[in-house]
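Comments concern the structure below.
Letters A, B, ... mirror the listed sequences (proteins, then strands); counts begin at 1.
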Amino acid sequence: MKKLMAGAVLLAVSSAASAVAPGGPNCGWGNMLFEGKSGTGAHFLASTTNGTSGNNTFGMTSGTNGCSVSGTLTYGGRAMINAMLNEFTEDVAVGQGDTLTAVAVALGVEKEDRAAFAQVTHENFGVLFPNENVTADEVIANLETLMLADARLAKYVA
Amino acid sequence: MHTMRAFVSSLLSLLAMLPAAAWSADDAWAQAQASHLWQRDEWLKLVHYKAGAWAGTWRSDADDPRFFLADTGPQDPRAELAATLAAFAAPAELGDAHAQCRFVARLSWLRSELELGELSQPDCAGYRKFRDLVQATRVVLVFPSYYLNSPSSMFGHTLLRLDSGEADGGSEYLSFAVNFGAIVDPGDNGLFFALKGLTGAYPGQFAVDHYYKKIQEYNHGENRDIWEYPLDLSAPETERLIQHLWELREIEFAYYFFDENCSYRVLELLEVARPGIDLTSAFPLTAIPIDTVRAVQRAGAVQGKHFRAAKGTVLKQRLAALPPELHEVVVELSLSPERLDDDDLQALDPATRAQLIEAAYKYLRYTQTDAARDPAVAQRSFRLLQALRRQAAELPGDDAPVDPDRSPDLSHGSRRLAAGLWTEEEREYLSLGLRLSLHSLQENRAGFPLGAQINLGNVDLRVEDDGRLDLNRLDLIDIVSLSPRDRFFKPLSWAVRTGVERQWTGGREHRVAHVNGGAGASRAPWPGALVYSLATARLEYNHGYADRLQPATGLRGGLLQDLGALTLHWDLGAEKFANGETRVRAELRHNLRLSRHQALHLELLWRDQQPEDTLAVGLRYQYYY
């Protein structure tokens, strides 16, 4: 049930959201590490609206956008990692942080295993992020492989 | 009334046992009529009715026919209630389009008030899906703080967050954010945007989306600190709120920047959630976001406070923790991570070295806000991160960012009354002032960033010694944004002001209309101080000139010094008009904080406007509410 928390996302149709919108049948929508934000012009308008995300904001989708989803990390969690890849990478490098916890929660990692999650990812930084051109999808795949190999974390991705 | 209703209910529940579903709506309506149910506050709030100009008339704020079941629903609470009851009895086959599925909060409330009998049972698949997804055990009021560089966001913003399960240290990223905002046409430019925002030409809607997007938008994209105020809503209250959100799905309200804005609609949601609480009546004309936060606090619904620092705030605090002599190295490292191998940096103690790498990485990322991906920068970022990972164990443990300015709910009141005594050129007069919002540079800055001035709607009247009342000055808009530049941050400082003021022209005082703008730079030479200089332009309409409309260019500079209870703001300016006139002025303002909501203000205003110069001295008492 916990995993459902990161379940379907209420998709926002906006300039910001379209940056992470589905990009085709090949699961190609994952942001690359250190991807920039949307342009300043769009950003100014978005900000001046006091933060509307546009219409259809209650419209739901639980689609997988052509990606093979393991069933563990559902669309909401994937979208979050995709959107916060830079922050997640920094948290993994440091070994702690809000994004690290958020990803653990999205994966359904119980509280007592979050320290292990932080430790395993931190120690395997180079496995998760082999180079600066890694995409969010690759990171997620690497993360699942890593967790499968860990006695405490395997149950969350099995 | 109550016994009557109980009687009717019991009568009806007897009747309900009879096998006839067709008349159950009529029965419910009979009960509703008996108790004048449409006059109840809960109903009026659920349909967003506001009292009209004449007693007994109503008008719903919702500008959307889909929100009403009666044709006259927008102005008739009674007809809407009757139509709602009738629609609830419709055949179940309607599914998601059934009124029971569309208006779940109305249904719950009417169920609790009336004996609805046996209703059809449509399959509300859409709502069920929504409800399964949007779980909440806690509701949090969120205030993304002042954003000076965007005029329409500089008052801040409010939204709600719905937390499910234990929401701490990261899991709230996946919480849902409930946000009311205008849906703008991306083609509109800034001016058009402002106009439409003021006149309600934009439709507004509620949106429900993941909170991490708000963190990205405010903390990261716009560099605004966020304050979060957990509320004490009970489980049934939270349930009602979520039900009502579903009813408001895609429903349009006209968006008015000043009153019927994001913060106002959030208050309405809370009023639906907790019947009997009155939050909106305090905001008939304007709803300044921070005032709405305080209204919720006053109503006793806030428990606690959490600070979520903007990226820039975190960076500043990390830089402050480093020895100043390493600041240059932070920049060097961000440009070339190889610098880490140099002997001087190898020799650093491990903790400092770790902090240095972290600061350099954060700085490099900060410079990339809003920038497209640059492969070279990505490579440098990655190298710094790799170095940081190796050194991370040496980082000092407790590095949670702290609130730099005291939280905005602790600021002085948004409105200001002022009474003063002035002497100018052997004349004395009294002044009476009202400012609708919000804060001047020299005022008690607790809860505001230093260097921010946002005044909208400031009127100052003058009472002459013969008792005559006259307009002294009117500031429609008076905004100053002084952000200090240093090695790391290179913001622009700017000022905009328009209104009516008095100017000496040809030996006489004239009331003039004016528009001013300026842009330049600020520095923070020592703690609590800002010095600034701006190049300015002015357009003035002055009866004292042969050619009444006169443009001018000039320079302006000054010092702002925060000394705790006392704040100084010394401002010097010079202007040259197209007709050859020049003006030089010095304004020395001293603001002494007496308490959070009271201050004494001493102002010296010297002006050299040929042929002679004038000196005015004023002492003013200011009360904020």
Less than 4.5 Å to any heavy atom of chain B: does that hold for the side chain of A:N133, its backbone, both, or neither? both
Check A:H122 against B:A392 and note the closest heavy-atom contact, atom names and distance. CE1-CB, 3.8 Å
Take A:N86 and B:H220, measure what side chain to side chain contact (heavy atoms under 4.5 Å, CB included) needs, and give me the verdict at the end. CA-CA 11 Å; A:N86 291 353; B:H220 299 174; over 6 Å; no
Does the plane of the ring in A:F34 sit parallel, tilted or perpendicular to the ring in B:F382? Use 30° and 60° as the thresholds. perpendicular
What I'd like to find out is whether the side chain of B:L385 reaches to under 4.5 Å of the side chain of A:F125, using heavy atoms alone. yes
What are the two closest non-hydrogen atoms of A:A102 and B:Y173, and how far apart are they? CB-CB, 3.6 Å
Set of residues satisfying ring-ring contact (aromatic ring centres under 6.0 Å, His included) with respect to B:F258, sequence neighbours excluded: none
For the atom pair CG (A:D98) and OH (B:Y212), what is the distance rounded to the nearest 0.5 Å? 15.5 Å
Is the backbone of A:G95 close enough, under 3.5 Å, to the side chain of B:R389 for a donor and an acceptor to pair up by distance? no
Heavy-atom closest pair, residues A:L33 and B:R373: O-NE, 2.8 Å
Between A:E87 and B:R365, is there a salt bridge with N-O shorter than 4.0 Å? no
Identify, with sequence neighbours excluded, every residue that meets side chain to side chain donor-acceptor pair (under 3.5 Å) alongside A:E132. none
